[in-house]
Trainee: 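I have a structure I would like to understand better, so I am pasting it below and will then ask my questions one at a time.
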Amino acid sequence: MLISYAQDAGNFSHDRETLAREHLAHELKSFDSVAGSGRARLSFANVPLAGASAFAAEAADVTLRLWAMLKPLLRVNKSLALYELVEKRLIPVLTAMELHGVMVDRADLRAMSAEFEGRMAEIETDIHRLAGQDFNVGSPKQLGEILFERMGLPGGKRGKAGAWGTDSSVLEGLAEQGIEVAQRVMDWRQLAKLKSTYADALIGQADENGRVHTSFQMAVAATGRLSSTDPNLQNIPVRTVEGARIRKTFIAAPGCSLISADYSQIELRLLAHVADIAALKESFAKGEDIHARTASEVFGVPMAGMDAATRRRAKAINFGIIYGISAFGLGRQLGIGAGEAKAYIDAYFKRYPEIRAYMEATKEEARSKGYVLTPFGRRCWVPRIKDKMPQLRAYAERQAINAPLQGGAADIIKQAMVKLPKAMADAGLSATLILQVHDELLFEAPDGQARATAELAREVMQGAAGISVPLTVETGIGKNWGDAH
DNA sequence: ACTATCACG
DNA sequence: ACGTACGTGATAGTA
């Protein structure tokens with residue numbers, strides 16, 4: 001995000017300019033490492049400045065020098081159009097989002113922090129009693145020694161450094177055997193995570209108006225996704241009851257609503273498009289429940305009266321396909337053996353035969369060129385595709401298969417983001433884009449414009465890019481982010 | 001500075 | 001024989 005700061009630096013307050021300087025330093029460091037590796041990324045623009053501060057002039061100078069170096073590379077790489085039409089136009093959109101920020105309910109966060117602290121203290125007492133001694137529950141090393149040495153529990157596995165593994169899958173396994181302390185540690189960890197990473201951090205990062213301002217990085221993810229830092233607002237909790245409470249502390253300004261609009265199964269739609277999978281395309285064209293249809297195809301059960309467990313297995317297979325499936329990974333996800341998982345995968349390939357050709361062609365593309373392309377021409381580098389170690393090579397192959405899908409989805413939502421400000425203005429709407437979370441956009445708008453904003457967002461997002469499968473967008477309106485779903 | 005863990009799509 | 005599902009970032013503990 002160097003450029004956005006360079007572009008607007010003349011209007012910045014002192015604090016904001018200091019922040020911008022830090023960003024500049026950060027970007028230059030990234031540039032050095034990228035340049036050193038002989039690879040170019042799309043992260044710089046030629047933004048002329050007028051009447052700007054000394055910092056802006058400095059940033060502009062750096063920018064112009066970088067641009068002189070990078071533009072020829074973009075041209076040679078056939079990436080200039082993507083850069084000019086998408087990346088460059090996205091810069092002011094992200095700038096506006098960062099500056100606008102999103103409001104949090106600080107009183108609510110403070111109350112939650114205190115509540116979590118109290119509950120953690122109680123849980124800690126329980127854990128110490130069950131363990132038979134006091135120790136630092138937050139220390140994985142001490143916890144592993146307590147569980148697998150002092151208490152002698154089964155199922156312990158040591159990692160590379162000889163430390164016992166104590167992550168959630170391990171604790172879950174113990175909890176299922178009725179080991180009470182394991183469940184209590186999971187409870188404690190959840191609260192610790194929510195308190196430190198979210199409640200306390202957000203309180204500290206809110207400005208005087210109670211708004212938090214993230215920084216969106218355009219040149220970090222290998223697939224072309226954005227990333228979000230300081231604070232990361234792309235990983236705000238939502239999946240658990242307590243996590244959803246954190247998400248509800250993200251609120252609309254007085255008199256405003258939050259509008260959420262998210263693409264439905266966008267990566268699976270990209271798969272249908274890119275791999276040209278007839279049955280999958282047909283299914284999306286009909287607007288079917290895609291996981292139910294997969295279940296029907298793979299397990300041979302009728303769509304009508306599909307049971308939840310079968311659909312769940314099919315959903316895991318669909319995710320697996322997007323991730324560059326392995327029998328091991330699918331088996332672990334479903335809690336079945338790799339052999340059974342392999343049978344599922346074989347059945348999938350039989351019903352959707354085009355997928356095999358896509359996977360083979362994509363791996364070959366990566367091997368021959370060192371990168372793969374999204375449908376919009378973005379390059380995703382796959383450096384270890386020819387590694388002599390089979391394990392690293394297999395990892396690179398999964399990356400190659402996933403990148404056009406994840407990256408293609410990123411291309412599409414970026415195109416929507418570029419079109420939205422003008423579309424909103426033309427419609428007489430004052431809605432502001434405030435967050436992007438990979439397949440979701442979050443807007444803030446006056447209450448009276450919420451419905452119109454949702455409808456326009458849907459229209460622009462669904463029409464952002466023409467692929468051979470329809471895109472669908474779900475919208476919601478609420479006074480907080482949780483209720484906007 | 002590195003590792004383990006866990007939050008999200 | 002091996003052992004990872006793809007992409008990220010923040011925190012606390014450890015060395």
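Letters A, B, ... mirror the listed sequences (proteins, then strands); counts begin at 1.
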Trainee: Roughly how far apart, to the nearest Å, are dC2(C) and dA7(B) at atom P?
Mentor: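 Those two atoms are separated by 32 Å.
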Trainee: Would you kindly give the CZ-to-C1' distance between R189(A) and dT5(B), to the nearest whole Å?
Mentor: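 So the two atoms are 6 Å apart, to the nearest Å.
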Trainee: Calculate the interatomic distance between R158(A) atom CZ and dG3(C) atom C1'; express it in whole Å.
Mentor: 20 Å
Trainee: Look at the side-chain N and O atoms of T166(A) and state whether any lies under 4.0 Å from the OP1 or OP2 oxygen of dT5(B).
Mentor: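 Answer yes for this pair, as a side-chain N or O of T166(A) is under 4.0 Å from OP1 or OP2.
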Trainee: When all nucleic acid strands are considered with a 4.0 Å heavy-atom cut-off, which category describes A316(A): base, sugar-phosphate, or nothing?
Mentor: base
Trainee: Ion pair present between R393(A) and D387(A), side-chain N to carboxylate O less than 4.0 angstrom?
Mentor: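 So R393(A) does not pair with D387(A) through a salt bridge.
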Trainee: Is it true that E149(A) and K141(A) have a side-chain N and a carboxylate O under 4.0 angstrom from each other?
Mentor: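 A salt bridge is absent here (no side-chain N lies under 4.0 Å from a carboxylate O).
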Trainee: When all nucleic acid strands are considered with a 4.0 Å heavy-atom cut-off, which category describes A201(A): base, sugar-phosphate, or nothing?
Mentor: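 It contacts sugar-phosphate atoms only.
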Trainee: Between R245(A) and E115(A), is there a salt bridge with N-O shorter than 4.0 Å?
Mentor: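 Yes.
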Trainee: Is the shortest side-chain N/O distance from R225(A) to OP1 or OP2 of dT8(C) below 4.0 Å?
Mentor: no
Trainee: Starting at atom CD of Q333(A), determine the distance to atom P of dT4(C), rounded to an integer number of angstrom.
Mentor: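 Answer to the nearest Å: 15 Å.
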Trainee: Could you tell me whether K193(A) and E242(A) have a side-chain N and a carboxylate O separated by less than 4.0 Å?
Mentor: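 Result for this pair is no, no salt bridge flagged.
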Trainee: Would you mind reading off the distance between R247(A) atom CZ and dA7(B) atom C1', rounded to a whole angstrom?
Mentor: 10 Å
Trainee: According to the interplanar angle, ranging from 0 to 90°, do the rings of F319(A) and H291(A) count as parallel (below 30°), tilted (30 to 60°) or perpendicular (above 60°)?
Mentor: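 The arrangement is parallel - the two ring planes meet at less than 30°.
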Trainee: Of the nucleotides dG7(C), dA5(C), dT5(B), which one has an atom closest to the side chain of N402(A)?
Mentor: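 Closest nucleotide among those given: dG7(C).
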Trainee: Check every strand shown and say whether S326(A) touches a base, only sugar-phosphate, or nothing at a heavy-atom separation below 4.0 Å.
Mentor: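 Base, at least one base atom sits under 4.0 Å.
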Trainee: Does N136(A) reach a base, just sugar-phosphate, or nothing at all? Heavy atoms under 4.0 Å.
Mentor: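 Sugar-phosphate, no base atom in range.
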Trainee: Look at Y344(A) and dA5(C) and indicate whether a side-chain polar atom (N or O) is within less than 4.0 Å of OP1 or OP2.
Mentor: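 No, no such contact exists.
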Trainee: From the options dT8(C), dA5(C), dT11(C), select the nucleotide whose nearest atom is closest to the side chain of F319(A).
Mentor: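 Of all the options, the side chain of F319(A) is nearest to dA5(C).
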Trainee: Would you mind pulling out the nucleotide paired to dA1(C), Watson-Crick or G-U wobble, both distances under 3.5 Å?
Mentor: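 dA1(C) is unpaired by these criteria.
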Trainee: Using atom CG of L147(A) as one end and atom P of dA4(B) as the other, report the distance to the nearest whole Å.
Mentor: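 Value for this atom pair: 17 Å.
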Trainee: Students often get this wrong, so: under 4.0 angstrom with heavy atoms, is G324(A) touching a base, only sugar-phosphate, or nothing?
Mentor: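 It contacts nothing in the nucleic acid.
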Trainee: How many Å lie between NZ on K193(A) and P on dG13(C), as a whole number?
Mentor: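 Going from NZ in K193(A) over to P in dG13(C) covers 13 Å.
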Trainee: Check every strand shown and say whether E440(A) touches a base, only sugar-phosphate, or nothing at a heavy-atom separation below 4.0 Å.
Mentor: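 E440(A): no heavy atom of the nucleic acid under 4.0 Å.
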Trainee: Is the aromatic ring centre of F328(A) closer than 5.5 Å to the centre of the six-membered base ring of dG3(C), with the two planes inclined by less than 30°?
Mentor: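 Stack criterion met.
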Trainee: L202(A) CG to dG9(C) C1': how many Å, rounded?
Mentor: 13 Å
Trainee: Using a strict 4.0 Å threshold on nitrogen-to-oxygen distance, state whether E365(A) and K369(A) make a salt bridge.
Mentor: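 Yes, E365(A) and K369(A) are salt-bridged.
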Trainee: Specify the residue among Q399(A) and P390(A) whose closest nucleotide of DNA chain C lies further upstream toward the 5′ end.
Mentor: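 Closer to the 5' end of DNA chain C: P390(A).
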Trainee: Do D411(A) and K414(A) meet the salt-bridge criterion of a basic N to acidic O distance under 4.0 Å?
Mentor: no
Trainee: Check whether any side-chain nitrogen or oxygen of N235(A) sits under 4.0 Å from OP1 or OP2 of dC6(B), and answer yes or no.
Mentor: no
Trainee: Side chain of T197(A) only, please: which of dC6(C), dC6(B), dT11(C) is the nearest?
Mentor: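 Ranking dC6(C), dC6(B), dT11(C) by closest atom to the T197(A) side chain puts dT11(C) first.
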Trainee: Taking any strand in view, what nucleotide pairs with dA10(C) in a Watson-Crick or G-U wobble way, both distances under 3.5 Å?
Mentor: dT5(B)
Trainee: Tell me whether the OP1 or OP2 atom of dC6(B) has a side-chain N or O from S168(A) closer than 4.0 Å.
Mentor: yes
Trainee: For K479(A), does the NZ atom sit with more than 12 other heavy atoms under 6.0 Å from it, leaving out its own atoms?
Mentor: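 Counting neighbours around NZ of K479(A), more than 12 heavy atoms of other residues, nucleotides or ligands fall under 6.0 Å, so yes.
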Trainee: When you compare dC6(B) with dA1(C), how far apart are their P atoms, in angstrom units rounded to a whole number?
Mentor: 32 Å
Trainee: How is K141(A) classified with respect to the nucleic acid when contacts are heavy atoms under 4.0 Å: base, sugar-phosphate, or nothing?
Mentor: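 Here K141(A) touches the backbone only, sparing every base.
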Trainee: If you check every side-chain atom of D439(A), which of dG7(C), dG9(B), dG9(C) has the closest atom?
Mentor: dG9(B)
Trainee: Reckon R239(A) touches a base, only the sugar-phosphate, or nothing at all at heavy-atom distances under 4.0 Å?
Mentor: base
Trainee: Looking at S139(A), I'd like to know whether one of its side-chain N or O atoms comes within less than 4.0 Å of OP1 or OP2 on dT14(C).
Mentor: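 It does, given that an N or O in the side chain of S139(A) lies less than 4.0 Å from OP1 or OP2 of dT14(C).
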Trainee: With a non-hydrogen cut-off below 4.0 angstrom, is I322(A) in contact with a base, only sugar-phosphate, or nothing?
Mentor: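 No contact.
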Trainee: In terms of side-chain heavy atoms of D167(A), which of dC6(C), dG9(B), dT5(B) is nearest?
Mentor: dT5(B)
Trainee: Touch check for I325(A), heavy atoms < 4.0 angstrom, all strands: base, sugar-phosphate only, or nothing?
Mentor: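 If one applies the 4.0 Å heavy-atom cut-off, I325(A) turns out to touch a base.
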Trainee: Once you round it to whole Å, what is the distance between P of dA10(C) and CD of Q234(A)?
Mentor: 11 Å
